[in-house]
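One structure is given below, encoded as structure tokens.
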Amino acid sequence: QVQLVESGGGLVQPGGSLRLSCAASGSIFRINAMAWYRQAPGKQRELVAHITSGSSTNYADSVKDRFTISRDNAKNTVYLQMNSLKPEDTAVYYCNAVLTPNWGSARNYWGQGTQVTVSS
């Protein structure tokens, strides 16, 4: 079985920083891409940042130049460094991976989410 586990969320003041981590565990053949999504109360889930197996990245306009997504392939882990946080960044952040397990077909996997709250 494959699991994605997020960590690093919490409460920060506006302008502060957090670093989220998402570790994929299990029998994984290949991770094609990883991404961070977020969902604020009453809102639909939104793509925040995306990173390919070749480490090319894309960001939502709302977080561009403030957030940085990166990955450590040896650890099957993706990170989201969040700087200059704003109250509108408050959401549950979800890790997503398109990966191929050793004994299955490629598909999307989701973590259970980690809460990020930006408030003074």
Side-chain angles (χ1 to χ4, degrees):
Q1 84 280 19
V2 174
Q3 289 184 305
L4 303 180
V5 180
E6 302 99 336
S7 62
L11 174 65
V12 297
Q13 294 183 336
S17 298
L18 283 174
R19 189 192 191 208
L20 305 183
S21 299
C22 172
S25 63
S27 298
I28 299 169
F29 175 73
R30 181 178 64 246
I31 299 177
N32 296 322
M34 302 187 81
W36 287 96
Y37 289 73
R38 66 186 181 188
Q39 188 166 19
K43 305 293 184 181
Q44 290 189 315
R45 192 167 296 186
E46 170 193 23
L47 176 64
V48 175
H50 171 268
I51 187 166
T52 69
S53 60
S55 295
S56 62
T57 59
N58 288 285
Y59 299 91
D61 288 341
S62 59
V63 307
K64 193 174 182 64
D65 299 324
R66 298 189 297 120
F67 292 9
T68 302
I69 188 170
S70 61
R71 63 190 293 170
D72 185 336
N73 291 331
K75 297 180 179 180
N76 287 333
T77 299
V78 64
Y79 305 95
L80 186 67
Q81 179 66 47
M82 304 184 294
N83 299 325
S84 302
L85 283 162
K86 304 174 180 179
E88 51 263 44
D89 296 318
T90 296
V92 178
Y93 284 70
Y94 296 92
C95 179
N96 173 266
V98 178
L99 61 81
T100 304
N102 282 341
W103 303 107
S105 300
R107 70 175 182 89
N108 278 300
Y109 291 82
W110 291 92
Q112 292 188 329
T114 184
Q115 177 71 48
V116 172
T117 302
V118 185
S119 176
S120 59

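Index from 1, following the sequence.
Residue Asn58 holds its CG atom at 8.5 Å from OG1 of Thr52, rounded to the nearest 0.5 Å. Interatomic distance, Leu80 CG to Cys22 SG, rounded to the nearest 0.5 Å: 10.5 Å. Interatomic distance, Ser25 OG to Lys75 NZ, rounded to the nearest 0.5 Å: 14.5 Å. Atom OG of Ser7 sits about 9.5 Å away from atom CZ of Arg19, to the nearest 0.5 Å.
Of the possible polar contacts, none joining the Thr57 side chain to the Ile51 backbone as a donor-acceptor pair under 3.5 Å is found. Checked by atom type and distance alone, the side chain of Glu6 pairs as donor or acceptor with a backbone atom of Cys95 at under 3.5 Å.
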Decide side chain to side chain contact (heavy atoms under 4.5 Å, CB included) for Met82 and Val12; before the verdict, give the C-alpha distance in whole Å, the side-chain angles of both, and the deciding distance to 0.1 Å.
CA-CA 11 Å; Met82 304 184 294; Val12 297; over 6 Å; no

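Taking each heavy atom of Ser119 and Pro14 in turn, the nearest pair found is C-CD, 3.6 Å. Looking at every heavy atom in both residues, Ser84 comes nearest to Ser17 through N-OG, 4.3 Å.
Both Leu18 and Tyr59 are part of a single hydrophobic cluster, where members link through side-chain heavy atoms under 4.5 Å apart. There is a path of hydrophobic side-chain contacts, each under 4.5 Å, that joins Leu4 to Ile28. Note on Tyr79 and Tyr94: separate hydrophobic clusters, where clusters join Ile, Leu, Val, Met, Phe, Trp and Tyr whose side-chain heavy atoms are under 4.5 Å apart, directly or indirectly.
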Would you give me the side-chain donor-acceptor pairs under 3.5 Å for residues 98-115, sequence neighbours excluded?
from, atom 1, to, atom 2, distance (Å)
Asn102, OD1, Phe29, N, 3.3
Asn108, OD1, Asn96, ND2, 3.3
Thr114, OG1, Gly9, N, 3.3
Gln115, NE2, Ala91, O, 3.4
Gln115, NE2, Thr117, OG1, 3.3

Less than 3.5 Å apart, which donor and acceptor atoms pair up between the side chains of residues 32-45 and the rest of the protein, not counting sequence neighbours?
from, atom 1, to, atom 2, distance (Å)
Asn32, OD1, Arg30, NE, 2.7
Arg38, NE, Glu46, OE1, 3.1
Arg38, NH1, Asp89, OD1, 2.9
Arg38, NH1, Tyr93, OH, 2.9
Arg38, NH2, Ser62, OG, 3.4
Gln39, NE2, Lys43, O, 3.0

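The side-chain heavy atoms of Val78 and Ile69, taken from C-beta on, include a pair separated by under 4.5 Å.
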